[in-house]
Protein chains: 2
Amino acid sequence: MNPVQNVIHAISADDGDALHFCSTCAFSGACIDAGYDKPALRDLHVMIEHVGPYRAGEHIFRTNDPFRALYAVRSGAVKTLTVDTNGNEQILGFYLPGELIGLNAIYPERFPCDAVALESSKFCRFSFSAISALATRMPMLQQQLFRMLSRELGMASRLAGDHSADERVAAFLTDLAQRFAAQGFPERYVRLAMTRNEIAEYLRLASETISRIFGRFRNQGLIRVEGRNVEIINSERLSILAHNILGD
Amino acid sequence: MNPVQNVIHAISADDGDALHFCSTCAFSGACIDAGYDKPALRDLHVMIEHVGPYRAGEHIFRTNDPFRALYAVRSGAVKTLTVDTNGNEQILGFYLPGELIGLNAIYPERFPCDAVALESSKFCRFSFSAISALATRMPMLQQQLFRMLSRELGMASRLAGDHSADERVAAFLTDLAQRFAAQGFPERYVRLAMTRNEIAEYLRLASETISRIFGRFRNQGLIRVEGRNVEIINSERLSILAHNILGD
DNA sequence: AATTTGCCATGACCCAGATCAACGTCGCGA
DNA sequence: TCGCGACGTTGATCTGGGTCATGGCAAATT
């Protein structure tokens with residue numbers, strides 16, 4: 001049997017309970033590290049609402065919806081996107097379990113984008129006013145929010161740079177592999193939850209260009225591709241290509 | 001005398017004192033609105049260090065410098081930039097009085113870019129750990145930091161989109177005019193503190209393209225250009241062009 | 001006054017990636 | 001089982017904006 005196929009089935013996180021985080025919770029790192037894992041956590045858990053599952057194609061929120069809550073992905077995968085005046089979709093980001101959606105809505109106080117499930121997905125919903133209030137009493141939580149905002153800002157501006165299509169695709173694959181690895185999956189396998197066209201809309205390329213570059217990377221022995229399963233053969237060279245975007 | 005010339009000389013803010021903000025302080029909105037204008041402000045002022053002036057071309061900080069403080073522009077203008085492996089500069093942003101530099105350094109804990117004065121500039125320096133600590137006691141300050149991060153994130157991802165050179169230049173001029181207007185300057189005049197080449201590095205275009213588009217916008221009666229002074233004649237049509245990037 | 005240096009403008013040409021077109025494949029509902 | 005629509009690949013052609021080259025101008029320097 002081919003090693004690429006069926007290696008990764010679906011990413012999901014356990015559900016957590018009144019005293020434990022979902023295993024991939026966006027806040028767990030900050031809180032557990034800081035010794036908040038005892039009763040203080042009750043305050044955090046009490047404001048969490050488990051929502052979903054949303055099926056593939058369903059909206060979690062839409063552009064201009066009033067912003068009240070952040071969404072942490074528990075399982076599945078999500079895209080956020082805007083539609084410009086010509087009807088062109090622009091994908092802002094893909095989100096995997098453990099990642100947080102909605103940070104770009106804080107300032108406008110409305111969601112500036114749609115969020116759509118790429119596959120069946122569940123979420124933790126955090127009231128933003130409640131989590132802000134809690135953050136004033138939990139400095140590490142505040143810090144974690146600052147860090148996540150800052151991280152997303154850095155990523156957005158690096159991706160905004162003037163890079164070749166090869167660099168973009170290499171950075172996309174490398175980044176995704178690292179994020180899968182952060183969930184405990186083998187770093188060399190990436191299961192794409194999105195179409196070639198969605199990758200293209202994210203990287204500001206045409207879907208044909210994605211196909212061609214996947215093909216070229218395959219011919220150069222950088223990756224193996226079977227449909228939406230990608231195996232990274234030469235992560236070394238891929239990282240070098242990605243370096244201008246990912247920074248390290 | 002030509003109306004474009006010498007309308008805007010230099011932007012600067014008064015210096016503030018122990019109980020008053022600089023008139024354009026990045027935090028003044030949040031704090032004054034929230035009724036913090038009495039003794040609580042002392043805590044904020046006490047952690048501020050006035051630095052500068054830096055002359056044109058001088059670095060405020062450099063890539064990989066450890067991140068300890070945010071810088072608010074008091075007067076002058078600044079660019080932040082990265083240099084990629086081919087030696088190409090990429091400008092991340094321009095900053096005017098009242099704006100805050102360094103938010104993208106929180107997550108990596110090092111500055112991911114250089115900051116260089118475009119003209120003689122002064123700053124307020126805020127220790128980040130001190131301001132975070134204070135933010136736990138001043139919810140509106142925390143909120144203001146969240147909002148500024150979120151705002152910059154939104155701007156970065158809109159600029160990252162797939163837009164024509166015309167749209168980019170229109171958005172650049174419109175945005176700058178709005179930010180000048182926020183300082184109380186007439187909205188129709190923009191004084192560019194940066195070269196054509198720097199505009200190009202910011203918008204991911206060639207400097208020749210900036211020249212050509214300024215020329216075309218002039219011929220179409222959208223703007224008047226004299227060196228680095230720009231007068232916006234038809235802000236209506238310019239905003240329509242910019243709409244896909246600026247959103248409103 | 002002459003020279004250098006940085007900045008800006010404009011024409012000629014080129015290229016990375018978009019667009020257009022054709023076709024193959026897969027999954028799914030009737 | 002068939003048909004249909006979404007998805008992916010590949011080839012041919014086009015184009016927006018990049019690159020290269022030239023020249024002008026103004027401030028700084030000699």
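It should be emphasised that the depicted structure is a prediction, and the values quoted were computed from it without experimental measurement. Because only heavy atoms are used, hydrogens play no part in the values below, and waters and symmetry mates are left out as well, while side chains stay in.
Taking atom CG of A:Asn86 as the reference point, atom C1' of C:dA18 lies 15 Å away to the nearest angstrom. In this structure, the CD1 atom of A:Ile213 is 10 Å from the C1' atom of C:dA16, given to the nearest Å. In this entry the distance linking CG of A:Leu118 with C1' of D:dA6 reads 15 Å, nearest Å. For the pair B:Leu203 CG and D:dG16 C1', the interatomic distance rounds to 16 Å; values are reported in whole Å. Between the CG atom of A:Asn197 and the P atom of D:dG5 there is a distance of 18 Å, rounded to whole Å. What separates CD of B:Glu201 from P of C:dC8 is a distance of 12 Å, to the nearest Å. A straight line from NE2 of B:His163 to C1' of C:dA18 spans 17 Å, rounded to a whole angstrom. When the C1' atom of C:dT10 is taken as reference, atom CD1 of B:Ile210 falls 15 Å away, rounded to whole Å.
Nearest to the side-chain atoms of B:Arg196 among the listed nucleotides C:dA18, C:dC8, C:dG17 stands C:dC8. Listed nucleotides: D:dC20, C:dA18, D:dT9. Nearest to the side chain of B:Glu208: D:dC20. Nearest nucleotide to the A:Arg212 side chain, out of C:dC8, D:dG11, D:dG18: D:dG11. Distance from the side chain of B:Thr209 is smallest for D:dG17 among the nucleotides D:dC7, C:dT10, D:dG17.
For CZ of A:Arg151, the number of neighbouring non-hydrogen atoms (other residues, nucleotides, ligands) closer than 6.0 Å is 12 at most.
The residue A:Ala165 sits close only to the backbone: its heavy atoms come under 4.0 Å of sugar-phosphate atoms, none of a base. At the heavy-atom level, B:Ser211 lies under 4.0 Å from base atoms of the strands shown. Contact annotation for A:Arg168: no contact, since no heavy-atom pair falls under 4.0 Å across all strands. Residue contacts shown for B:Leu205 are limited to sugar-phosphate atoms, with no base heavy atom under 4.0 Å away. In this structure, A:Ser164 reaches the sugar-phosphate backbone alone: every heavy-atom distance under 4.0 Å involves primed, P, OP1 or OP2 atoms, never a base.
Using a distance-only test at 3.5 Å, with no hydrogens or angles considered, no donor-acceptor pair links the side chain of A:Thr80 to the main chain of A:Ala115.
Classification of the A:Phe111-A:Tyr71 ring pair by plane angle, with boundaries at 30° and 60°, yields tilted.
Side-chain atoms of B:Arg216 stay outside donor-acceptor range of the base of C:dT10, with no qualifying N/O pair under 3.5 Å. Donor-acceptor pairing under 3.5 Å, judged by distance alone, is absent between the side chain of B:Arg204 and the base of D:dG17.
Ring centroids of B:Phe180 and B:Tyr189 are separated by 6.0 Å or more, keeping the two rings apart.
A salt bridge is defined here as a Lys NZ or Arg NE, NH1 or NH2 lying under 4.0 Å from an Asp or Glu carboxylate O, and A:Arg191 with A:Glu119 meets this definition.
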